[in-house]
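To keep things clear, I will list the structure first and then write my remarks on it.
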Amino acid sequence: MADSIAFIDLQAQRAQLGTTIDTAIARVLAHGRYILGPEVGELEAALSSRTDNCHVVSCANGTDALQLSLRAFGAAPGDAIFVPAFTFAATAEVVCLVGATPVFVDIDPATYNISADSLKAAIAATRQDGTLRPAGIIPVDLFGQPADYDAVEAIARDNGLWVLEDAAQSFGAALGTRKCGTFGDAATTSFFPAKPLGAYGDGGAIFTADAELAGKLRSLRVHGHGQDKYDNVEIGTNSRLDTLQAAILLEKLKLFDAELDSRDRIAARYTELLSDIVETPLIMQGASSVWAQYTIRTRQRDELRQALNSAGIPTAIYYPRPLSRQSAYTAFPVAPGGVPASDAAAAEVLSLPMHPYLDETQQDRVIDAIRAHILSLRQTGS
Ligand SMILES: *Cc1c(COP(=O)(O)O)cnc(C)c1O
């Protein structure tokens, strides 16, 4: 059997980067400013220039980026915060960590992003119930594609809610002329190694056009400092991006645009050669995706996954269960009518190997194995 294909091949990227990372690390070791060293500011400036000059506040990880934002917004007990049910746990977890209540909203079955209709119904039901005060929305740009911000921002305006864009999977994508990281009142991303822009460890960032909010976030990430570290004006925390990770990310950013082109080419080829036999991803009119995941959908998901695994092709299921059905979250409110589209997606989605260095031979192996399996099922009439 041929070698296994990597789901995400960070070693191939490492080869592409050559000695640049080693040199960048050596530079940090030489100056020794490991906490908030010069590379952190340089990275924030580089990210700002990619997000319409937003204020950028880097931090320890994408989960902290969300939590710090919620704290800067003043989210508190009694607040209802609307989150999609079909996402990574961090999106809802942070709501609970600040003492607010997540209200789970269903997704649009075509894009997997938050459904405007379910969101409207959830807000109305929360108001009617009266126990919680609707406060904000955290749309997630799932698999690398922006949520429908035209719809979400209109709903937020009508209801006086803030919007926090969870762009952990979408940094680099856009909706028309607007870039991911610039939607809502603030946006967050993650530099977890497997994300499209990944570090060699944890990292995250917050983006906002609001200078005052950015100042508050800078304070919160260093123990709520005022004039200096020993003047505490907020109850903050310790959540800084390591200088070493910033130095690594600065090097990776130099490849990022070429990597996004490559991801787009691979996704287009997958779609061209698979769309007649499985459901391939739908990207909204005018939107782009950074393909954090290339996710297909089929009723024969589990059998297909097993067949691919036997052929040395790794796959992943993002996500096997909506958050509203996870034991930690079953007590929280769900939109009227529940989350049927999230349930259906959880049963049928399958993410394929996707990274910028997946060559055509490897792509063909994935494509051929999927086609062979689905066509054999059709022949046996199952
Ligand atoms: C990865 C991810 C996060 C959390 O990022 P970490 O850096 O791992 O803390 C949050 N939301 C979504 C949608 C993610 O995919």
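Side chains are part of it too, since the values below use all heavy atoms of this structure and drop only hydrogens, waters and symmetry mates. Given the structure is predicted, the values throughout are model-derived calculations rather than measurements. Whatever order the structure lists ligands and atoms in, that order sets their numbers, starting from 1.
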Assess whether a salt bridge exists between [X] and [Y], defined as any Lys/Arg side-chain N lying under 4.0 Å from an Asp/Glu carboxylate O.
X	Y	value
D64	R221	no
E44	R218	yes
R371	D364	no

Inset, instruction - Would you check if the side chain of Y294 reaches a backbone N or O of T271 as a donor-acceptor pair within less than 3.5 Å? - result: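 Yes; at least one donor-acceptor contact below 3.5 Å.
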Suppose I only count heavy atoms of [X] and a 4.0 Å limit; which atoms of ligand 1 are within that range?
X	result
T87	13 (C)
A168	2 (C), 3 (C), 10 (C), 11 (N), 12 (C), 14 (C), 15 (O)
V140	13 (C)
A90	4 (C), 10 (C)

Inset, instruction - Carefully, step by step, assess R50 and D257 under the rule salt bridge (charged side-chain N to carboxylate O under 4.0 Å, His left out). - result: CA-CA 11 Å; R50 287 171 173 266; D257 292 325; 3.1 Å; yes
Inset, instruction - Give, for atom CZ of F104 and atom OG of S118, the distance between the pair rounded to the nearest 0.5 Å. - result: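 So the CZ of F104 and the OG of S118 are separated by 12.0 Å.
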Considering only the protein, which heavy-atom contact is closest to [atom], and what is its distance?
atom	answer
atom 11 (N) of ligand 1	D166 OD2, 2.8 Å
atom 2 (C) of ligand 1	K195 NZ, 2.6 Å
atom 9 (O) of ligand 1	T63 OG1, 2.5 Å

Legend entry - From S190, A65, A92 - option closest to atom 7 (O) of ligand 1 by heavy atom: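 Checking each option, the heavy atom nearest atom 7 (O) of ligand 1 is found in S190.
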